[in-house]
Structures are given as C-alpha cells and as structure tokens.
Amino acid sequence: MAEDSPKPEVGSCKTVQEVVENGGEVPSRYIWIRNDLSDYGPIDLSVPVTTEIPVIDLTRLQLASSSSSSSSAIDEELLKLRSALTTWGCFQAINHGIENSFLDEVRRLAREFFHLPMSEKQKTARTENDYEGYGNDIILFENQPLDWTDRLYLLVSPQDKQKLEYFPQTPQSFRKMLRDYTLEMKRVQEEVLKSIARSLDLAEDCFVKRFGKRGTMYARFNYYPPCSRPDLVHGLKPHADGSGLTILLQDDRVEGLQMLKDDQWFRVPVMPYALLVNIGDQLEIMSNGIYKSPVHRALTNAENERNTLAMFCAPDPTLEIEPVEELVDNEKRPRLFKKVKNYPETYFQYYQQMKRPIDAVRI
C-alpha cells in the first residue's frame with residue numbers, strides 16, 4: 001500500500017521458506033507478543049467459522065445500475081451489500097465474470113513461482129527500503145514482530161509506474177497472467193465502487209471519480225509455509241487495510257483468514273471461486289464511517305502451505321480524500337475524518353507497530 005519508505009529499513013532477514021528449510025525451532029522474532037496498546041487477543045486456531053459474511057451476486061448489482069431494470073430481487077441485493085459493509089465490512093462476491101479456469105491458472109502460477117529455486121526468485125527480490133519485489137516485509141523497527149509469510153508485492157497500475165525488474169519472467173506465462181488478472185480486477189473494482197455509491201444513495205460515479213484516473217492497484221501474492229508452531233505466530237498480524245478496496249483471491253483449499261467482529265474473531269470459510277471484497281480505510285473515510293474497514297489477520301497451520309492473492313485498490317495518492325459531503329450531517333452524522341493526501345505513505349509504519357493509521361485522521 002505504500003511506495004518508497006519514508007523511514008529507513010533497520011535490518012533484514014531470511015525468507016520464511018529458508019527458515020523452514022533450515023529446520024529447528026521457530027525463531028523468536030516471529031513469536032507473537034501481545035501488545036497492550038492494541039490487544040487483539042491471543043492466537044486462537046479454534047475460533048468459530050462464520051457463515052454470516054454475506055454472499056453478493058455482482059451480476060444482480062450490475063442490473064441494479066440500469067434504470068430499465070427494477071425488481072425486488074435486485075433491490076434486495078443492494079440492501080444486502082449495504083448490510084454487509086456496515087456490519088462485516090466485507091462480502092464474498094460471486095458471478096463476478098471471471099472464469100473458474102482462469103482463477104485456477106492464477107493460483108497455479110503463483111504456487112509455481114514460490115516453489116522455484118531460491119536463485120530464480122531472488123532475481124525479483126526487493127531492494128533495501130523498497131516495498132516492491134519478492135521477499136518479506138520491510139523491517140522498520142528493531143523489535144518489530146515478523147510475519148510468517150513470503151510475498152511478491154507489485155504495483156500493477158498505473159502501468160507507467162510499474163517496476164518491471166520485479167515482475168517474474170518465470171514461470172513463462174506469469175506476466176501475461178498478471179496483466180490479464182489486473183484488467184479483470186479493474187473491471188470488478190469499478191463495478192463494486194459504483195454499487196457502493198448506489199447503496200449510499202450517491203451518484204453512481206461518486207467513488208470512481210474520487211479514486212481518479214490514476215488510482216493505484218497493488219498485487220500482493222502471499223505464500224504462507226507450514227509452521228511447526230501455528231499457535232505462536234501470525235501469517236499476517238492483525239490489521240485493517242490502508243486501501244480503498246481490497247479484493248482477495250483465497251487459497252482454494254486451506255483456511256487461514258480470520259475477521260474481527262464485535263471483539264470476537266471468526267474464521268472465514270473458503271469459497272474457491274468467490275472473491276472476498278473488503279472495505280479499506282480510505283473508503284471508510286470517504287463514507288464518513290458508515291462503512292467499516294475490518295480488522296483481520298492470517299494464521300498458519302502445521303501441515304499445509306497457503307497461497308492467496310490480494311489486490312489493493314486505492315485513490316490516486318496525489319488527490320485529497322475526505323468524507324463525501326452528502327454523508328455529513330452536523331446534527332445526525334457529523335464529519336468524522338480530516339482531509340488527507342497520500343494516506344498509504346505511513347501505513348506500514350503504523351501496521352508494524354500494531355497501530356491503526358485511520359485513528360490519526362479522526363476528528
């Protein structure tokens with residue numbers, strides 16, 4: 001979610017895959033120590049699975065945008081979307097127009113990349129103080145707890161900002177896959193943003209305009225190796241996304257994602273060909289807090305690796321964002337957030353300290 005780090009990197013470490021291959025106990029840097037300032041509770045592998053995250057039919061939402069289409073089923077889908085985003089902050093999207101076979105290919109190529117020889121993956125390794133590329137997340141603090149994940153993190157849009165030196169050339173069709181997937185994600189993003197605007201009784205292009213013609217999209221391919229002590233480490237520590245919208249392709253077999261709702265963690269079930277869409281902080285700001293950016297985390301397990309792909313969609317960082325005027329009412333719903341520009345700039349610093357950057361822009 002950020003570009004070059006405003007805070008210099010203070011250290012480096014091996015990839016988690018290398019740690020696993022070396023064997024032995026889990027290094028202390030990965031062991032979770034509860035933070036009193038943002039205590040999200042202990043790691044719990046046995047929290048209940050939720051069946052309550054709404055499943056939204058994107059085809060019906062598209063029909064709702066047509067003035068010639070009106071039915072109770074379509075209106076109900078829009079109401080379901082509003083309910084999903086005010087309660088969970090996320091939903092499972094089905095009928096999104098992407099072929100199952102293509103999603104299978106995306107997963108296959110991602111797994112192939114992470115199982116390439118280390119010498120091949122290192123060709124796309126991130127450099128010091130750069131977030132993009134292959135490896136682990138940037139280390140900004142001496143006591144920063146590390147996540148049990150390796151990732152490939154790439155800015156995919158705007159195209160003229162891509163750092164192609166980080167884009168894998170092996171597997172051979174990886175770049176084409178990512179280009180095609182990005183185009184699909186741009187389409188889904190626009191459809192969802194229009195539907196979110198309609199669900200708030202705003203002009204359909206309200207959020208599309210606020211993202212701008214040069215809104216950003218980052219792809220983050222996550223690889224979570226098996227961990228001998230999944231009760232001690234996070235795949236990703238608890239956080240909310242600094243994006244406007246996040247679109248996640250989950251592993252088609254292995255669970256690991258948990259959502260926090262009403263101070264309780266819930267396991268998110270796998271729906272192999274659905275896309276999990278969640279609100280990010282920037283849309284929470286623009287909706288004046290009506291829609292929530294959910295806190296979530298990723299856990300590991302001892303037997304299976306897990307692979308996911310998150311697409312972080314955000315407004316053009318040169319544009320100011322603020323609550324939409326129509327959603328501010330001095331008596332009923334006062335303005336909750338300040339104006340802010342380039343929100344993601346300091347996101348990772350807050351994330352690594354277990355703090356929420358959105359709290360810094362509250363009024």
Side-chain angles (χ1 to χ4, degrees), residues 1-5 9 12 15-17 98 102-103 105-116 118-139 147 149-189 211 214-224 235-236 239 241-251 275-276 278 280 282 298 306-317 342-345 347-348 351:
M1 276 309 308
E3 299 191 19
D4 290 349
S5 170
E9 190 164 7
S12 61
T15 65
V16 178
Q17 199 168 11
I98 305 174
F102 181 52
L103 296 181
E105 180 187 9
V106 171
R107 291 180 171 118
R108 176 182 63 81
L109 290 170
R111 289 181 179 123
E112 283 186 22
F113 170 78
F114 285 111
H115 285 281
L116 290 171
M118 187 58 67
S119 59
E120 184 65 35
K121 292 196 289 282
Q122 287 295 339
K123 293 177 181 178
T124 60
R126 71 171 185 83
T127 55
E128 186 177 356
N129 295 320
D130 195 346
Y131 288 99
E132 290 189 61
Y134 164 73
N136 36 38
D137 280 340
I138 196 166
I139 299 177
D147 292 330
T149 181
D150 296 332
R151 87 295 192 275
L152 176 66
Y153 189 64
L154 303 167
L155 175 70
V156 294
S157 184
Q159 188 173 348
D160 62 350
K161 292 290 188 180
Q162 292 177 352
K163 298 178 181 178
L164 292 177
E165 65 269 26
Y166 293 135
F167 283 57
Q169 299 193 56
T170 306
Q172 188 173 2
S173 54
F174 190 97
R175 287 190 175 189
K176 181 181 184 306
M177 171 275 290
L178 184 53
R179 182 171 64 249
D180 293 345
Y181 192 73
T182 299
L183 290 173
E184 293 284 12
M185 289 297 100
K186 286 184 174 181
R187 174 184 59 79
V188 171
Q189 171 194 280
F211 271 55
R214 290 181 63 79
T216 62
M217 185 176 288
Y218 283 87
R220 178 173 169 134
F221 294 85
N222 296 300
Y223 172 68
Y224 304 96
L236 284 175
H239 67 286
D241 292 337
S243 60
L245 201 68
T246 301
I247 306 172
L248 178 69
L249 180 65
Q250 291 212 73
D251 192 292
L275 299 171
L276 184 73
N278 71 264
Q282 295 188 69
R306 180 170 172 262
N307 294 268
T308 66
L309 170 55
M311 302 295 279
F312 299 106
C313 316
D316 179 343
N342 198 7
Y343 180 83
E345 184 176 31
Y347 174 78
F348 281 112
Y351 166 71

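Note that the structure is a prediction, hence the values are computed from the model and not measured.
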Within-4.5 Å side-chain heavy-atom neighbours: [X] and [Y]:
X: T15; Y: K121; result: no
X: F174; Y: F167; result: no
X: R126; Y: K163; result: no
X: L116; Y: P171; result: yes
X: L248; Y: N278; result: no
X: L103; Y: I98; result: yes
X: L249; Y: R107; result: yes

- Task: Applying side-chain contact (heavy atoms from CB on, under 4.5 Å), run through Q169 and L164 and close with a yes or a no.
- Result: CA-CA 10 Å; Q169 299 193 56; L164 292 177; over 6 Å; no
Taking all heavy atoms of [X] and all of [Y], pick out the closest pair and write down the distance.
X: L154; Y: G133; answer: CD2-N, 4.5 Å
X: A310; Y: T246; answer: CB-CG2, 4.3 Å
X: G242; Y: P344; answer: O-CG, 4.5 Å
X: Q282; Y: A314; answer: NE2-CB, 3.7 Å

- Can you measure from CD (E184) to CD1 (I247) and round to the nearest 0.5 angstrom?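 Nearest 0.5 Å value for the CD-CD1 distance: 11.0 Å.
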- Message: Could you measure the distance from the OG1 atom of T149 to the OH atom of Y224? Nearest 0.5 Å is fine.
- Response: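 Taking OG1 in T149 and OH in Y224, the distance rounds to 4.5 Å.
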Qualifying residues under side-chain contact (heavy atoms from CB on, under 4.5 Å), relative to [X], sequence neighbours excluded:
X: A219; answer: V156, L178, F221, L309, M311
X: K123; answer: E120
X: R214; answer: P158, D160, K161, D316

- Residue list, side chain to side chain donor-acceptor pair (under 3.5 Å) with T308, at least two apart or on another chain: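 N222.
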- Task: Could you pull out all residues at least two apart from S157 that satisfy side chain to side chain donor-acceptor pair (under 3.5 Å)?
- Result: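 In terms of side chain to side chain donor-acceptor pair (under 3.5 Å), with neighbours along the sequence ignored, S157 is linked to K186.
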Partners meeting salt bridge (charged side-chain N to carboxylate O under 4.0 Å, His left out) with [X] (sequence neighbours left out):
X: E112; value: R108
X: D147; value: K237
X: R220; value: D137

- salt bridge (Lys or Arg N to Asp or Glu O under 4.0 Å) contacts touching residues 165-176 (sequence neighbours left out):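 For residues 165-176: K176-D180.
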In chain order, what residues pass the ring pair (Phe, Tyr, Trp, His ring centres under 6.0 Å) check against [X], with sequence neighbours excluded?
X: F114; answer: Y223
X: Y343; answer: none
X: F211; answer: none

For the backbone of [Y] and the side chain of [X], can you confirm whether one donor and one acceptor N or O come within less than 3.5 Å of each other?
X: D150; Y: Q17; answer: yes
X: R111; Y: R306; answer: no
X: D251; Y: N307; answer: yes

- With a 3.5 Å cut-off and no angle check, do the side chains of D130 and Y166 form a donor-acceptor pair?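 Yes.
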- Message: Quick check: Y131 with Y218 (ring centres under 6.0 Å apart)?
- Response: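 Ring centroids of Y218 and Y131 are no less than 6.0 Å from each other.
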- Message: So, applying side-chain contact (heavy atoms from CB on, under 4.5 Å) with T182, which one of Q162, R187, M217, M177 is it?
- Response: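 Testing each of Q162, R187, M217, M177 against T182, the sole residue satisfying side-chain contact (heavy atoms from CB on, under 4.5 Å) is M217.
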